[in-house]
Structure formats: C-alpha cells, structure tokens
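Below: the structure, in structure tokens.
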There are 2 protein chains.
Amino acid sequence: MKLVTQVRYGIRILLDLAMHQSRGVIQMRDIAERQNISLKYLEQLIRPFKKAGFVNSKRGRNGGHSLARSPETITLAQIIMVFEKDQAKQDISRLSEGYSQYQDALITEAWNEAKDAFYQRLEKVTLANLSIGTTKKLWQDSDILIL
Amino acid sequence: MKLVTQVRYGIRILLDLAMHQSRGVIQMRDIAERQNISLKYLEQLIRPFKKAGFVNSKRGRNGGHSLARSPETITLAQIIMVFEKDQAKQDISRLSEGYSQYQDALITEAWNEAKDAFYQRLEKVTLANLSIGTTKKLWQDSDILIL
DNA sequence: GTAATATATATTATTTTAATCTATATCAAA
DNA sequence: TTTGATATAGATTAAAATAATATATATTAC
C-alpha cells in the first residue's frame, strides 16, 4: 500500500496549476522545471487529468494548461482514482476445496468496504487545503496553524 | 488497489489449515492439490506466515504444517500485512516550488489515517468467520443464513 | 510559414509479482 | 543406520506493472 510516483507527481502538477491560476495557461515545460519532473513523463501524466476533466489545455503558440475545476473541489481521493487501473476484469477467484462463492463474497464485500473507508478519509483533503500553507507560510512563522 | 495473488492464496492456505486442524499436521503437497497452487510457490508463500507466527511446521517424515493460533484471532487485515513490503525507506518526497514539508506532512497524515481505516474494516473478518459457511454448507441448502 | 506549443504512439528500463528449479537439512520409521 | 518423506533456503526465470525517454505529428498565434 504505497503512494506511487504517478500520484505524488499528479498532486504536484495540479497544485502547481492551482497556485499559478492567475497567470492563465501554464506551459508544461515550466511545471516540469519547477517540479523537477521530466517533461516527457509529465506529458504522459497530465493526459489522464485532461480525460477526467480536471485540466483544460490549449494547443499551439501561447498554449498551455489550466485547472478546469476549482481547487476546493479536487480531493486526494479523486487524484488517486484518476490513476487507478480498470479492474473490471478483476480476476474471478477459482473456487476449490473449502473455498466457495460464499467465502469469496465475504472477502470481496469486506475488501470493497475497506476501500471505501480508505477513500472517504482522502476525500477530506482538497487542493485548496494543500495550497494555503505554502502561499501564506503561516506554518513556519507561527505556533498557531490556521487552516 | 488490488487483492493480489499472494493474499488470495494466503487466505486459502490458512483456511485450509484451519479446516483440517483435527488431522494434526497437514502436508503442503495436500494443500497444493486441494487449492490448485503450485507446490513450489506455496512453499514460498507459507514462509512469511511461519515468520509471523501464524503457522507451525514440523520437519521430516510425518511432518507438515499446522495453525499456530486459533482461527478466531486471525483476520484479513493481519493476513494482508504479512505480505506488506517494508516501507521504512518510503522515499522522502523531494520538495520543490510550491511543495513544502507542510504539504508533504498533510498528505502523509491523511494517507496513514486512510490506511488505518482500511485495515480497521478488514480486522472484522476472521478465519473463523470464513470457515463457518463451508463446513456447514447452510448457505446453499437454505434461505436462512446462519452466521 | 514558422516557432511554440500540445498530442500520440512507440520504445526502453526498472521494479514488483508470480512461478519454477535445485540443492540441503531434518526427522521418523524400517 | 539407512532410507524416504518432508520442510527450508536460495537462485533463477517469466510476466506484469511502473517509470521514464524518444520520435514524429497536429494546432495555433504571430
């Protein structure tokens, strides 16, 4: 259970876009430099965000990317799910001696509910939450942490 | 977020041991046959269970494996954790423009709490829970499901 | 029409997961 | 004390997922 690179970079990409919203569109080259991500890899990572409607893009000269939704509405859970593989084909466990559909159903149900619990917690963190600390830097200048 | 083979097989191995407890030690060859798992792979999977104190083994002729703890005390969460990799070296995210320790801490905290929520749900399913349905086969002979 | 941008697809490299192979240690029974 | 049945250990191979790079193409502002 590991926070994969795709997600870690994904968060930074969206955060970067969020924090430079005022500039209009942002070029991927700039994000790549600021975030120390290879441009080519970045291009690959931003595609799912476009597809999922988190990011708009404009081609051609003076083109670039921008956030399509407000930072308050984008959560960690959503970002992670953007990179979740299609598991529709989730391999149906073969049954065997002492392992019936009944067992399988119990396990699957628990598994799914556990996943839900996981994502529910991550729904509580939005891009907006994450931005505040940096722009204001309150967290390092004071003992009082204002969120 | 996927139920990996190691875990799916792991559950079956322990369930198999649980359901044949009365016979004393069980040979891996038998488990392999019953559960359709390659003997060699099985040998590899059972090692972590031994290390974690779930399973006892006896070498030599008439040797085999047996459950070291009662099925009521073994949960799905525990089984999954047996196969969790050591993530002590969890790669410390490099900071960058607009990505501070503060952000990193927020994310890490949420992530850890989300994991906890996940495992908490899976603590509720024990090997004993899983065994009942099979040994009694009530679930397929009746409309009333007694758990 | 040309330079700056995104898009698309293919390729390579690395890591993780799954499975097999070979050799060794241990023990019970004959 | 030998022999055969078992577990143990470590190496090897195969397949799949993840991470990263490369090359060629499509759009658009100027």
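Of the side-chain N and O atoms in A/T5, one or more sit less than 4.0 angstrom from OP1 or OP2 of D/dA19. In this model, the phosphate group of D/dT6 is not approached by any side-chain N or O of B/S57 to a distance below 4.0 Å at OP1 or OP2. The phosphate of D/dT8 (OP1 or OP2) has no side-chain N or O of B/R59 nearer than 4.0 angstrom.
Sorted by residue number, the members of residues 40-51 of chain A with any non-hydrogen atom under 4.0 Å from DNA chain D read A/K40, A/Y41, A/Q44.
Here the nucleotide nearest the side chain of B/R61, chosen from D/dA19, C/dA19, D/dA5, is D/dA5.
For the pair B/Q27 and A/N62, nearest-nucleotide mapping onto DNA chain D gives the more 5' position to B/Q27. Comparing A/K58 and A/S38 by the nucleotide of DNA chain D whose heavy atom lies nearest to each, the residue mapping closer to the 5' end is A/S38.
Aromatic ring centres of A/F118 and B/Y119 lie farther apart than the 6.0 Å criterion allows.
If you measure from atom CZ of B/R29 to atom P of D/dG4, you get 15 Å, rounded to the nearest angstrom. With rounding to whole Å, B/I13 atom CD1 is found 12 Å from C/dA19 atom P. In this structure, the CG atom of A/N56 is 16 Å from the C1' atom of C/dT7, given to the nearest Å. Rounding to whole angstrom units, CD1 of residue B/I37 and C1' of C/dT20 are separated by 15 Å. If you measure from atom CD of B/E33 to atom C1' of D/dT6, you get 15 Å, rounded to the nearest angstrom. Summarising the geometry, the separation between CZ on A/R8 and C1' on D/dA19 is reported as 11 Å, rounded to the nearest angstrom. If you take CE of B/M1 and P of D/dA17, they are 17 Å apart, rounded to a whole angstrom. Separating the CZ atom of A/F83 from the P atom of D/dT18 is a distance of 12 Å, rounded to the nearest angstrom.
No side-chain heavy atom of B/F83 sits less than 4.5 Å from a side-chain heavy atom of B/V4. The closest side-chain heavy-atom distance from B/M1 to A/M81 is not below 4.5 Å. The shortest side-chain heavy-atom distance between B/R34 and A/S96 does not fall under the 4.5 Å cut-off.
Here A/Y9 lies in heavy-atom contact (under 4.0 Å) with sugar-phosphate atoms only.
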Yes or no on side-chain hydrogen bond (donor to acceptor under 3.5 Å, both in side chains) for B/T75 and B/K124, after CA distance, side-chain angles and deciding distance? CA-CA 7 Å; B/T75 67; B/K124 292 185 191 160; over 6 Å; no
Run the side-chain contact (heavy atoms from CB on, under 4.5 Å) check on A/F49 and A/I74 step by step: do they pass? CA-CA 11 Å; A/F49 284 126; A/I74 299 180; over 6 Å; no
Ignoring hydrogens and angles, write down the donor-acceptor pairs under 3.5 Å from the side chains of residues 21-32 of chain B, residues two or more places apart or on other chains.
unit_1	atom_1	unit_2	atom_2	d
B/Q27	NE2	B/G63	O	2.5

